[in-house]
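Only one structure is covered here, and it is reproduced in the block below.
This structure is a prediction, so every number in the text was calculated from the model and none was measured.
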Amino acid sequence: MHKPIKYVEKAVSYTANAAWAIYDRLNAIRPNPSFTPRWSDKPLLKSWEKTKPPLGWPRETDSLCPKCVPETRKEILDGKKDWKDLIHEKVGEIKARIIERDGKIMMVKECPIHGKFEDIMSIDTAFYKHLEESFPGRDIRAHNDDKLHNHGSSTVRHGRGSVLTVDLTNRCNMMCDPCFMDANQVGFVHELTWDDIKQLLDNAITIKPRRQMSVQFSGGEPTLSPYFLDAIRYARKVGYQSVQAATNGIEFAKSPEFCRQAAEAGLRYAYLQFDGVGNAANSHRAVGNLFDVKLQAIENLWNNGVDIVPVTTIVNGINNEQVGRIIQFALDNPKKIPFLSFQPVSFTGRDEAISDERRKAQRYTLSHLAHDVKNQMGIGEPTRDWFPISFISTFSDWSDLVKGPEADWGQLSCGCHPNCGVGTAIMVDKETKEAVPVTAFLNADRLAKDVARVNDGARSKKLSMFGMALAVARNYDPFMAPKHFKMTDLLKKFDKTFGATGKNYGRVDAGRSRKDIDARRQDRWNFLFIVGMWFQDLFNYDFRRTEQCIIPYATQEGEISFCAYNTGIGWRNIIEKMHMTATLTKWYGDRGRHEIFAGGKAVKLETAEHSMTLREDIVTKETQKDLDKLGIAKTAREEKIRARDAKLTHQDPKDAEMMRLYRKHVLKEPDSVEFVPLSTISPTAKPAQGPKPKQAEKEVGSFGD
């Protein structure tokens with residue numbers, strides 16, 4: 001039996017539907033021209049003015065050869081090739097085709113030197129088509145950005161992004177598999193100075209369109225930087241409302257006081273590495289009590305006013321069975337988990353040289369995620385409840401419209417390629433924990449089309465807000481919403497997110513206090529957003545995605561697409577070497593070593609007590625066995641061990657036994673563990689045009705020194 005208010009709301013919805021027909025017809029008559037806001041030198045775009053890259057299939061695009069790129073990168077790092085060739089030449093580029101085969105979407109390409117490559121893009125053609133058809137178009141083209149966006153084929157060309165990533169250091173207190181940056185293995189330290197950090201943040205607000213991005217401090221492990229807290233304060237000072245840290249949580253778990261300091265500095269979100277529920281589900285990270293660390297980090301951060309976003313790197317055969325468990329964990333703790341981020345593995349960094357066998361077995365796509373959520377949780381239809389994350393940009397455009405031309409910042413906008421990221425949302429009652437997919441009671445597809453028409457009319461603030469209210473009301477089905485949810489709650493959610501009315505739900509700017517944090521947390525409804533962000537690697541690289549990246553890296557050589565920096569030609573390797581701080585030998589000699597948790601080592605915690613709801617039936621007791629049954633290596637390290645052992649089988653048995661004894665008794669390694677030598681690229685190799693480090697050293701140490 002529905003509550004009486006539901007019947008009233010249904011009548012309101014019918015009335016709004018009739019009123020919309022009149023509003024829409026009048027709004028379409030002589031639409032106003034778009035204004036140029038203060039934060040842009042170009043006017044807001046009408047829906048029909050937004051451009052799109054080639055979509056659908058079969059189609060051709062520009063990609064990279066997985067063999068040419070590492071070879072060319074090594075030449076640059078060795079000083080045999082000028083890094084500026086990346087700006088002027090199409091280094092390692094080849095054509096690729098997106099095709100359908102056996103009910104799947106594939107990328108196929110062929111290098112004239114290294115032959116054919118192919119990889120899967122989607123296991124569901126209908127899902128893939130739905131995402132591309134729901135894409136509203138690119139954001140405003142980036143301008144006033146020549147000094148920061150100049151990276152040849154890798155240049156970011158559209159929009160301003162939604163998350164600016166700043167790597168404070170390449171040092172890390174873990175030694176993970178997978179690791180897209182190969183932390184602790186490159187033989188030198190690259191760590192930003194205080195002047196570097198300020199310069200990167202100052203540079204970021206010179207580009208237009210200037211949007212209210214999130215600033216994410218990352219690494220390595222950003223909490224190891226001596227400037228971590230200062231960087232948070234400065235980002236808030238220059239105007240960014242959302243400052244976050246991509247962290248493994250170790251330092252936050254160890255110290256509630258450090259959490260307090262971070263919160264007072266202005267840290268709003270912690271993007272917390274979170275690969276599963278239970279220590280067994282996190283065991284591939286090789287820290288003995290890593291799940292306990294996560295729980296304690298959540299406890300300490302939340303108590304001090306920082307919101308937590310669990311971030312899961314999903315690898316088929318390693319932790320894909322954890323998708324449902326992680327979502328259930330979030331649903332059981334709606335007051336503390338407002339957002340989930342799943343990131344299908346990108347085979348780069350430690351995994352760039354992955355074998356074809358392991359890559360095919362471990363590949364996980366956005367379509368896998370949508371189906372795993374449905375199959376493991378019984379939530380969400382892939383083609384009804386999932387949309388590209390760029391879908392939200394239509395609503396950001398509405399916010400920009402109603403805030404008017406005098407706004408100093410544009411609304412955060414996700415204008416990435418539809419193949420980059422997807423999202424779905426669940427409305428959760430924090431009191432009863434009832435959870436309902438938002439798209440079950442809100443016709444999201446039609447709502448977005450309605451809002452685009454409101455935007456195209458470019459009417460006054462009041463008329464645009466009235467149009468949005470009509471659009472929301474007519475697309476809302478109160479009988480499908482949670483029991484205690486009301487239409488006014490939905491309208492408040494939109495206003496709280498986009499700030500149209502100016503009502504104070506709790507400040508989020510630099511003047512935010514603990515009172516503001518608590519005020520925002522009083523909302524009974526948790527809009528649990530589940531996002532999947534699939535970063536590219538050399539096997540599925542598409543430059544059409546790179547050029548509209550919304551997660552640029554701020555570096556000493558400008559702002560570079562996330563994928564171009566970490567994968568692509570490998571700008572990270574090149575820039576970090578060019579601007580290296582010191583070799584490890586020099587660094588350790590001057591500053592000592594930081595603690596690294598690896599090989600099953602546990603983190604010492606003051607307490608393991610927490611207030612999280614943790615169902616016994618979702619806590620994983622054993623590691624996933626899929627790859628064991630297939631006889632496929634799980635990590636890059638294991639793959640190297642197998643290659644070594646295979647090589648040893650062809651040696652004289654006496655030589656093989658001597659090598660085993662040497663590793664065991666001299667190197668103190670167990671028989672099952674391989675000592676992988678660390679990179680020893682000499683920073684002194686500097687022919688005329690190679691990348692030149694700031695501070696050349698005579699030797700490069702390693703964490704194995």
Electrostatic pair E381:K374 at N-O distance under 4.0 angstrom: yes
Does this structure show an ion pair linking K50 with D397, if we count only N-O contacts that are shorter than 4.0 Å? yes
Rounded to the nearest 0.5 Å, how far apart are CD1 of I550 and CE of M533? 4.5 Å
Kindly indicate, with the supporting measurements, whether the criterion side-chain hydrogen bond (donor to acceptor under 3.5 Å, both in side chains) is fulfilled by Q411 and S399. CA-CA 6 Å; Q411 177 70 30; S399 178; 3.1 Å; yes
Check the side chains of Y541 and T546 for a donor-acceptor pair under 3.5 angstrom, ignoring hydrogens and angles. yes
Checking side-chain polar atoms at under 3.5 Å, does N320 have a donor or acceptor matched by the opposite partner on D372? no
In chain order, what residues pass the side-chain contact (heavy atoms from CB on, under 4.5 Å) check against D495, with sequence neighbours excluded? A500, T501, K503, Y505
Aromatic plane relationship, F485 with F441 - under 30° parallel, 30 to 60° tilted, over 60° perpendicular: tilted
Non-hydrogen atoms of I308 and P338 that approach each other most closely: O-CD, 3.1 Å
Hey, can you tell me if Y271 and F339 have their rings parallel, tilted or perpendicular (30° and 60° cut-offs)? tilted
Chi angles and distances behind the ring pair (Phe, Tyr, Trp, His ring centres under 6.0 Å) call for F391, F135: CA-CA 6 Å; F391 183 79; F135 175 55; over 10 Å; no
Could you tell me the separation between the CD atom of Q241 and the CH2 atom of W409, rounded to the nearest 0.5 Å? 8.5 Å
Side-chain heavy-atom pair V345, I314 within 4.5 angstrom cut-off: no
Atom OH of Y14 with >12 non-hydrogen neighbours under 6.0 angstrom: no
Test of understanding: with salt bridge (Lys or Arg N to Asp or Glu O under 4.0 Å), list the residues that count as partners of R514, not counting sequence neighbours. D518
Between the NZ atom in K430 and the CG atom in N333, the distance rounded to the nearest 0.5 Å is 12.5 Å
Is there a side-chain contact between I120 and M106 in this structure, where contact means two heavy atoms from C-beta onward sitting under 4.5 Å apart? yes
Report the C-alpha separation of K147 and E559 in whole Å, then their side-chain angles, then the decisive distance to 0.1 Å, and conclude whether the salt bridge (charged side-chain N to carboxylate O under 4.0 Å, His left out) test is met. CA-CA 9 Å; K147 292 181 179 179; E559 293 187 4; over 6 Å; no
Verify whether one side chain among N419 and R545 offers a donor that lies under 3.5 Å from an acceptor in the other. no
Using the six-membered ring wherever Trp is involved, compare the ring planes of F127 and W386 and label them parallel, tilted or perpendicular (cut-offs 30° and 60°). perpendicular
For the NZ atom of K403 and the NZ atom of K461, what is their distance to the nearest 0.5 Å? 9.5 Å
With a 4.0 Å cut-off on N to O distance, would you call R524 and E431 a salt bridge? yes
Are E60 and R544 ion-paired here, with the side-chain N under 4.0 Å from a carboxylate O? no
Distance under 6.0 Å and angle within 45° of the ring axis: does R521 meet both against W302? yes
Tell me whether the centres of the aromatic rings in F329 and F274 are closer together than 6.0 Å. yes
Lys/Arg-Asp/Glu bridge criterion (N-O < 4.0 Å) met for K483, D429: no
Interatomic spacing from NE2 in H149 to OG in S154 - rounded to 0.5 Å: 12.0 Å
Aromatic centroids of W398 and F395 separated by under 6.0 Å: no
Candidate pair K10 and D477, rule salt bridge (charged side-chain N to carboxylate O under 4.0 Å, His left out), full reasoning: CA-CA 7 Å; K10 192 65 177 178; D477 184 349; 3.6 Å; yes
Identify the heavy atoms of A425 and F529 that sit nearest to each other, and give their distance. CB-CD1, 4.1 Å
Side-chain heavy-atom pair K493, D523 within 4.5 angstrom cut-off: yes
F494 six-ring centre to K492 NZ/CZ under 6.0 Å and within 45° of normal: no
Do F387 and L131 have side chains that approach each other closer than 4.5 Å (heavy atoms only, starting at C-beta)? no
Take the angle between the ring planes of F562 and F535 and call it parallel below 30°, perpendicular above 60°, tilted in between. parallel
For R453, look at atom CZ and say whether over 12 heavy atoms of other residues, nucleotides or ligands are found less than 6.0 Å away. no
Should we count NZ of K52 as having more than 12 external heavy atoms under 6.0 Å? yes
If we count only N and O atoms by modelled type, under 3.5 Å, do the side chains of T439 and D385 hold a donor and an acceptor together? yes
Gap between atom CE of M487 and atom OG of S13 - 0.5 Å precision: 5.5 Å
Sequence neighbours left out, what pairs pass ring pair (Phe, Tyr, Trp, His ring centres under 6.0 Å) with at least one residue falling in residues 33-59? W57-Y128
Could you walk me through whether D307 and K336 pass salt bridge (charged side-chain N to carboxylate O under 4.0 Å, His left out), step by step? CA-CA 7 Å; D307 289 331; K336 296 182 179 178; over 6 Å; no
Between P405 and T36, is any pair of side-chain heavy atoms under 4.5 Å apart? no
Within the structure provided, determine whether E547 and V156 are in side-chain contact (heavy-atom separation under 4.5 Å). no
Under-4.0 Å salt bridge between K46 and D456: no
